[in-house]
Amino acid sequence: MFKLFGKKTPIESFVAPVTGQLIPLTNVDDEVFSQKIMGEGFGVRPSEDEIHSPVSGVVKSIFPTKHAVGITTENGLEVLVHMGLDTVELEGVPFSELVEEGDKIKADQPLMQMDLKKVEEMGKQTTIVVVITNSDKLQDTPIITMQTITHGDSVGQFNLHK
């Protein structure tokens, strides 16, 4: 941690939510995410169906279409785990919940099942996107590089403003 005037800068550690190819947010094939309109973050092109939490916190929302989960960390970061691109149109068909709203969860805890084959058969991309929707709380972010990653592996630490 960094010290500034004798006080520690809060940090939030993120882990890979799924095994696959880690990609910078700017490489996600969706302008809302790649242009960081929703906030800072990263993407993973998954190679498995079980999606895990990238952070510890509380499940604040599971979208009715089950394609996204909102988590709030102890430091107040609002993290959106978005499963697939344009998958809201699939009306929840390829998704199964493994947690409920209000659950306290740990980083790398299973969140959802996403039937990758079904998503692809329905003509959608399977990229998992993790964004911090209140990125104004961030002091800086780690550099995300393309690499193969396993769920639970460290993606990096995001430094927060005090």
Side-chain angles (χ1 to χ4, degrees), residues 10-57 59-73 75-95 97 105 107-108 110-161:
I11 59 168
E12 199 69 62
S13 296
F14 280 70
V15 300
V18 65
T19 298
Q21 183 73 31
L22 179 67
I23 59 172
L25 194 59
T26 53
N27 288 27
V28 170
D29 195 19
D30 181 300
E31 286 186 11
V32 172
F33 294 121
S34 66
Q35 293 182 11
K36 302 184 180 182
I37 294 167
M38 294 286 296
E40 288 287 343
F42 57 91
V44 181
R45 293 186 183 117
S47 61
E48 62 184 15
D49 290 352
E50 191 169 77
I51 312 305
H52 301 252
S53 180
V55 292
S56 295
V59 177
K60 289 296 184 176
S61 62
I62 298 173
F63 285 56
T65 52
K66 301 179 188 178
H67 76 288
V69 176
I71 302 164
T72 301
T73 71
N75 287 319
L77 284 187
E78 296 167 359
V79 179
L80 179 70
V81 180
H82 192 283
M83 291 161 281
L85 303 178
D86 296 323
T87 50
V88 67
E89 300 167 4
L90 305 182
E91 299 178 359
V93 172
F95 307 105
E97 302 166 43
I105 57 172
D108 199 36
L111 281 179
M112 299 286 284
Q113 284 287 124
M114 176 178 156
D115 186 332
L116 299 179
K117 186 176 179 187
K118 191 170 282 191
V119 171
E120 290 171 344
E121 286 171 356
M122 297 173 95
K124 303 298 179 187
Q125 291 185 41
T126 59
T127 303
I128 307 299
V129 182
V130 175
V131 293
I132 301 163
T133 58
N134 59 345
S135 291
D136 59 314
K137 288 185 168 261
L138 298 176
Q139 181 176 319
D140 58 32
T141 60
I143 295 171
I144 305 296
T145 58
M146 291 184 86
Q147 60 183 294
T148 300
I149 197 159
T150 301
H151 76 80
D153 287 353
S154 176
V155 171
Q157 294 182 333
F158 290 70
N159 295 309
L160 287 67
H161 294 289

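Computation of the quantities below employed the complete heavy-atom set of this structure, encompassing side-chain atoms and omitting hydrogens, waters and symmetry-equivalent molecules.
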Practice problem: Please indicate whether E121 has more than 12 foreign heavy atoms, meaning atoms of other residues, nucleotides or ligands, lying under 6.0 Å from its CD. | Solution: yes
For G84 and I128 the tightest heavy-atom approach is N-CD1, 4.3 Å
dist I23:CD1 -> Q147:CD (nearest 0.5 Å) comes out at 12.0 Å
*asked:* Checking H82 against T87 for the side-chain contact (heavy atoms from CB on, under 4.5 Å) test, could you report, in this order, the C-alpha distance in whole Å, the side-chain angles of both residues, the deciding distance, and whether it holds?
replied: CA-CA 9 Å; H82 192 283; T87 50; 4.1 Å; yes
Heavy atoms of M83 and A68 approach each other most closely as CE-N, 3.7 Å
Kindly indicate, with the supporting measurements, whether the criterion side-chain contact (heavy atoms from CB on, under 4.5 Å) is fulfilled by Q113 and I51. CA-CA 6 Å; Q113 284 287 124; I51 312 305; over 6 Å; no
Please confirm whether the backbone N or O of F63 pairs with a side-chain atom of S61, one donor and one acceptor, at under 3.5 Å?
no
message: Any non-hydrogen side-chain atom of L111 less than 4.5 Å from a side-chain atom of V81?
response: yes
Distance col, row M112:CE vs H67:NE2, nearest 0.5 angstrom, shows 10.0 Å
request  = Could you please spell out the steps behind the side-chain contact (heavy atoms from CB on, under 4.5 Å) verdict for F158 and I11?
outcome  = CA-CA 6 Å; F158 290 70; I11 59 168; over 6 Å; no
Residue pairs passing the ring-ring contact (aromatic ring centres under 6.0 Å, His included) test with at least one member in residues 121-156, sequence neighbours excluded, are H52-H151
Query raised in the report: Do E12 and T73 have side-chain atoms, one donor and one acceptor, less than 3.5 Å apart?
Result: yes
Rounded to the nearest 0.5 angstrom, the CD-CD1 distance for E78 and I71 is 12.0 Å
Tightest non-hydrogen contact, residues S34 and V28, listed as CB-O, 3.2 Å
Report the C-alpha separation of Q157 and S13 in whole Å, then their side-chain angles, then the decisive distance to 0.1 Å, and conclude whether the side-chain hydrogen bond (donor to acceptor under 3.5 Å, both in side chains) test is met. CA-CA 4 Å; Q157 294 182 333; S13 296; 3.3 Å; yes
When every non-hydrogen atom of N75 is compared with those of P10, the smallest separation belongs to OD1-CB, 4.3 Å
In this structure, NZ of K117 is separated from CE of M122 (nearest 0.5 Å) by 14.0 Å
Do D49 and M114 have side-chain heavy atoms sitting under 4.5 Å apart?
no
Self-check item: D115 side chain vs P94 backbone, donor-acceptor pair below 3.5 Å
Solution: no
One should read off an interatomic distance between N134 CG and L77 CG, to the nearest 0.5 angstrom, of 5.5 Å
Does the pair V155 and I149 meet the rule for a side-chain contact (heavy atoms from CB on, under 4.5 Å), with working shown? CA-CA 9 Å; V155 171; I149 197 159; 4.1 Å; yes
Nearest heavy-atom approach of V79 to P54 is CG1-CG, 4.1 Å
The reported gap from CD1 in I144 to CG in L22 (rounded to nearest 0.5 angstrom) is 5.5 Å
query: When you check the gap from the basic side-chain N to the acidic O, do K124 and E89 get nearer than 4.0 Å?
result: yes
(message) If you count every heavy atom of other residues, nucleotides or ligands that lies below 6.0 Å from E48 atom CD, does the total exceed 12?
(response) yes
* To do: Find out whether V131 and F42 are in side-chain contact, i.e. whether some heavy atom of one side chain is under 4.5 Å from a heavy atom of the other.
  => no
Item to complete: Check whether more than 12 heavy atoms from other residues, nucleotides or ligands sit under 6.0 Å from atom CD1 of I143, and answer yes or no.
Response: no
Of all heavy-atom pairs linking P17 and V130, the shortest is CG-CG2, 3.9 Å
- Heavy-atom check, side chain of T150 versus side chain of D153, under 4.5 Å: yes
What I'd like to find out is whether the side chain of D29 reaches to under 4.5 Å of the side chain of L85, using heavy atoms alone.
yes
| Would you say the side-chain atoms of S56 pair up with the backbone N or O of A107, donor to acceptor, closer than 3.5 Å? | yes
